[in-house]
Amino acid sequence: MKKIAIAIDGPAAAGKSTIAKRVANNLGYTYIDTGAMYRCVAYYALVKGVDFHDENAVCRLLPEIKIKLMPDNTVYLNDRDVTADIRVNEISAGASIVSAYSKVRTYLVAQQREMAKEGGVILDGRDIGTVVLPNAELKIYQVASIECRALRRHNENLSRGLNSDLDEIKKEVAARDEADMTREISPLKKADDAIEIDTSDMTIDEVVAHIMNLVEEKTQ
Ligand SMILES: Nc1ncnc2c1ncn2[C@@H]1O[C@H](COP(=O)(O)OP(=O)(O)OP(=O)(O)O)[C@@H](O)[C@H]1O
Ligand SMILES: Nc1ccn([C@@H]2O[C@H](COP(=O)(O)O)[C@@H](O)[C@H]2O)c(=O)n1
């Protein structure tokens with residue numbers, strides 16, 4: 001079967017990475033979690049004591065930041081496993097701040113394109129269909145209502161034994177969407193040729209099956 005590039009964009013907690021991992025697994029494709037890369041930049045700034053809002057200081061760190069996304073979805077930053085460290089709320093908010101900086105985006109987008117150049121890839125993020133891979137054969141814009149997304153994240157936290165406040169999550173997710181959609185550079189938006197999937201009333205299996213059908217149409 002022909003190997004294609006698949007782009008999945010959408011707001012926070014829409015289920016992009018869950019679906020992307022499942023589809024990648026079904027197809028034997030490489031999954032590239034671009035959000036993890038922005039999270040690594042924020043995490044490194046935090047470790048170095050650099051204020052997320054200090055653009056020049058954050059950008060000066062870039063040459064020191066080496067990110068590796070492993071086939072088992074662990075994330076290495078300068079040869080250290082940071083998979084869990086980059087998932088905390090402070091880093092979600094920090095990633096949203098540092099991702100607005102032009103030099104940060106240029107640095108990471110170049111790496112994302114390099115990783116995707118052979119095809120047989122599925123990338124999820126905010127600007128994959130619009131900027132990173134404008135020629136991707138299949139572009140998905142995955143959405144769900146804010147209530148649904150906040151509840152999913154809340155349940156995920158509870159199932160991991162973490163403290164979780166549904167109202168706080170709703171505020172955090174809405175604030176991140178607002179920042180990601182209104183920033184000047186590469187804001188989150190649906191690519192003109194993307195297929196929108198509202199997953200609010202769909203199970204994970206239904207979303208995966210829907211995308212698998214779309215892949216089949218594109219690869220016939
Ligand atoms: N269709 C679905 N039905 C029910 N739960 C879902 C569905 N899709 C994803 N989920 C759950 O929603 C939660 C958030 O999903 P996920 O982390 O994949 O979202 P995301 O879009 O990658 O988030 P972010 O952009 O914040 O990294 C997970 O707990 C996942 O299991
Ligand atoms: N292509 C991308 C991916 C992510 N971002 C920013 O990183 C934040 C964290 O992303 P997650 O997918 O892991 O939640 C996100 O809120 C964006 O600010 C991005 O700009 N472009």
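Start at 1 and go down the list; that is how both ligands and their atoms are numbered.
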Proximal atoms of ligand 2 relative to R87 (non-hydrogen, under 4.0 Å): 13 (O)
Nearest neighbour in protein (non-hydrogen) for atom 13 (O) of ligand 2: R39 NE, 2.7 Å
Under 4.0 Å to a heavy atom of S96 - the qualifying atoms of ligand 2, by number: 18 (O)
Closest candidate by heavy atom, reference atom 16 (P) of ligand 1, pool D124, D9, T18, D180: T18
For atom 8 (C) of ligand 2, the protein heavy atom that lies nearest, with its residue and separation: A95 CB, 3.7 Å
Those residues that, when tested against K139, pass side chain to side chain donor-acceptor pair (under 3.5 Å) (two or more places apart): D193
R176 contact mode with ligand 1 (heavy-atom cut-off under 4.0 Å): side chain
Distance-only polar pair, side chains of D205 and T203, donor-acceptor under 3.5 Å: no
Part of M37 within contact of ligand 2 (heavy atoms, under 4.0 Å): neither
Closest protein heavy atom to atom 21 (N) of ligand 2, given as residue, atom name and distance to 0.1 Å: R105 NH2, 3.0 Å
Ligand-side contact atoms (ligand 2) for residue partner S99, heavy atom cut-off under 4.0 Å: 6 (C), 17 (C), 18 (O), 20 (O)
A13 to ligand 1, any heavy atom closer than 4.0 Å: yes
From the candidates S92, P11, G125, G15, the one that places a heavy atom nearest atom 15 (O) of ligand 1: G15
G125 neighbourhood, listing ligand 2 atoms whose heavy-atom distance to it stays under 4.0 Å: 1 (N), 2 (C), 3 (C)
Close N or O approach (R126, ligand 1; < 3.5 Å): yes
Under 3.5 Å side-chain donor-acceptor pair for D124 and Y31: yes
Electrostatic pair E156:R152 at N-O distance under 4.0 angstrom: no
Side chain, backbone, both or neither: the part of T203 lying under 4.0 Å from ligand 1 by heavy atom: backbone
Closest protein heavy atom to atom 9 (C) of ligand 2, given as residue, atom name and distance to 0.1 Å: R176 NH1, 3.6 Å
Protein heavy atom at shortest distance from atom 1 (N) of ligand 1: M202 O, 2.9 Å
Atom 20 (P) of ligand 1 [closest protein heavy-atom partner, distance rounded to 0.1 Å]: K16 N, 3.5 Å
Closest protein heavy atom (residue, atom, distance) for atom 7 (O) of ligand 2: Y38 CB, 3.5 Å
S92: side chain to side chain donor-acceptor pair (under 3.5 Å) partners, not counting sequence neighbours: R39
Any donor-acceptor N or O pair under 3.5 Å, side chains S99, R183: yes
Whether Q112 lies under 4.0 Å from ligand 2, heavy atom: no
Atom 7 (C) of ligand 1: nearest protein contact (heavy atom, Å): I204 CG1, 3.4 Å
Among D127, V109, D180, closest by any non-hydrogen atom to atom 15 (C) of ligand 2: D180
Polar side-chain atom of Q142 near backbone of G10 as donor-acceptor pair, under 3.5 Å: no
K16 and ligand 2 - part of the residue with a heavy-atom distance under 4.0 Å: neither
Location of contacts on R153 toward ligand 1, heavy atoms closer than 4.0 Å: side chain
